[in-house]
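Beneath this line is the structure, given in structure tokens, with notes to follow.
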Amino acid sequence: MLGIARTGIQVTLASVARGNGLRQLCSGGSGSYKNILVEKKGDKSQVGFVRLNRPKALNSLCDDLLRELNVAFREFDADPSVKAIVLTGSSKAFAAGADIKEMQPKTYSTVFGTNFINDWTEMLRIRKPIIAAVNGYALGGGCELAMMCDIIYAGDSAKFAQPEIRLGTIPGAGGTQRLPRAVGKSKAMEMCLTGDMITAKEAESAGLVSKVVPADKLEAAALDLAERISRMSLMAIYAAKESVNAAYEAPLSQGLLLERRLFHASFGTRDRSEGMSAFTEKRAAEFKDE
Ligand code: CO8
């Protein structure tokens with residue numbers, strides 16, 4: 001295992017070639033990722049593409065996988081050529097939850113003492129948009145992981161659930177908080193109290209998912225979305241993500257003020273000037289992320 005997530009060892013993207021060739025990144029020279037596959041995709045290689053890759057355990061989220069995921073996200077966030085990230089799994093499972101076998105022997109003092117799963121919040125500091133492309137199961141921590149992303153696209157066979165109650169516990173990575181904000185209290189309560197799965201279509205009509213596509217078209221659809229976002233100015237992408245996220249954290253008055261100030265600040269960017277000039281001159285804007 002990498003064992004580098006919080007050791008401060010520099011991780012390099014040098015091993016990622018331009019183009020669509022799949023690479024398993026070497027991290028800190030200590031070896032490849034074991035639980036994820038990472039590459040750059042899209043015409044201009046502007047999309048960071050991460051695939052959860054623990055097929056034998058249906059992509060259940062063990063500690064090592066989460067450490068690797070945090071490293072990969074941080075690398076893409078720091079890479080100026082990448083402007084959006086897609087996170088996906090396999091056709092059978094986006095992620096079937098936290099690794100139950102790894103959790104089973106833990107005690108209260110272990111999980112409290114080590115602040116178990118606190119590492120999950122690291123991905124909330126990623127400034128570039130993360131699109132979850134969900135095929136198959138997104139259960140427990142898998143559903144929570146998808147909800148920590150910025151946009152969720154689902155294949156038509158995807159299934160979402162918070163089944164922790166069937167294990168005698170409750171969601172621990174945001175399920176009881178983000179799910180009600182996405183689907184409303186009644187449906188979230190029903191899901192958390194029964195562990196029942198909902199289909200992709202139900203998830204879309206409840207507001208958890210923004211688009212459902214045929215399962216075999218999911219990755220292309222998520223990639224297309226990421227590429228369309230990547231054509232925008234990175235300055236505006238950062239501002240839009242930060243402002244929309246404030247809607248979940250701040251009172252309306254503060255969220256509106258942040259939005260106004262970020263809007264004002266965009267007038268200090270070269271790309272805002274270019275975008276409006278391009279409109280008036282009836283040509284395509286050429287953003288430089290400045
Ligand atoms: N953890 C560990 N192993 C798993 C998990 C899991 N969550 N899910 C599946 N696997 C393993 C199975 O044990 C099996 O392994 P093996 O072949 O060695 O027996 C393999 O994956 C294939 O699974 P199944 O044979 O069960 O496949 P099926 O197609 O029959 O069933 C299901 C698929 C319905 C997805 C079923 O595997 C299942 O119910 N899985 C558990 C789902 C679940 O309860 N998830 C919630 C886990 S708790 C949680 O996420 C808490 C989050 C708290 C914060 C996050 C902390 C990191």
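Numbering of ligands and ligand atoms starts at 1, following listing order.
For the pair K241 and D150, the salt-bridge criterion is met [side-chain N within less than 4.0 Å of a carboxylate O].
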- Task: Before giving the answer on side-chain contact (heavy atoms from CB on, under 4.5 Å), spell out for M123 and I130 the whole-Å C-alpha distance, their side-chain angles and the decisive distance to 0.1 Å.
- Result: CA-CA 9 Å; M123 71 177 276; I130 306 176; 4.1 Å; yes
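Residue pairs meeting the side chain to side chain donor-acceptor pair (under 3.5 Å) criterion with at least one partner in residues 188-198, sequence neighbours excluded, are R166-D196, T194-D196.
The salt bridge (Lys or Arg N to Asp or Glu O under 4.0 Å) check on D271 picks up nothing, with sequence neighbours excluded. Contacts of Y108 classified as ring pair (Phe, Tyr, Trp, His ring centres under 6.0 Å), with partners at least two apart in sequence or in another chain: F112.
The two residues G89 and N59 come nearest to each other via the heavy atoms CA-ND2, 3.7 Å.
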Can you list every pair where an N/O of ligand 1 is under 3.5 Å from an N/O on the protein?
residue	atom	partner	partner atom	Å
ligand 1	1 (N)	A98	O	3.4
ligand 1	1 (N)	I100	N	2.9
ligand 1	7 (N)	A96	O	3.0
ligand 1	7 (N)	A98	O	2.9
ligand 1	13 (O)	K101	NZ	2.9
ligand 1	15 (O)	K101	NZ	3.3
ligand 1	18 (O)	K101	NZ	3.3
ligand 1	21 (O)	K56	O	3.4
ligand 1	29 (O)	K92	NZ	2.8
ligand 1	45 (N)	A96	O	2.9
ligand 1	50 (O)	A98	N	2.8
ligand 1	50 (O)	G141	N	2.8

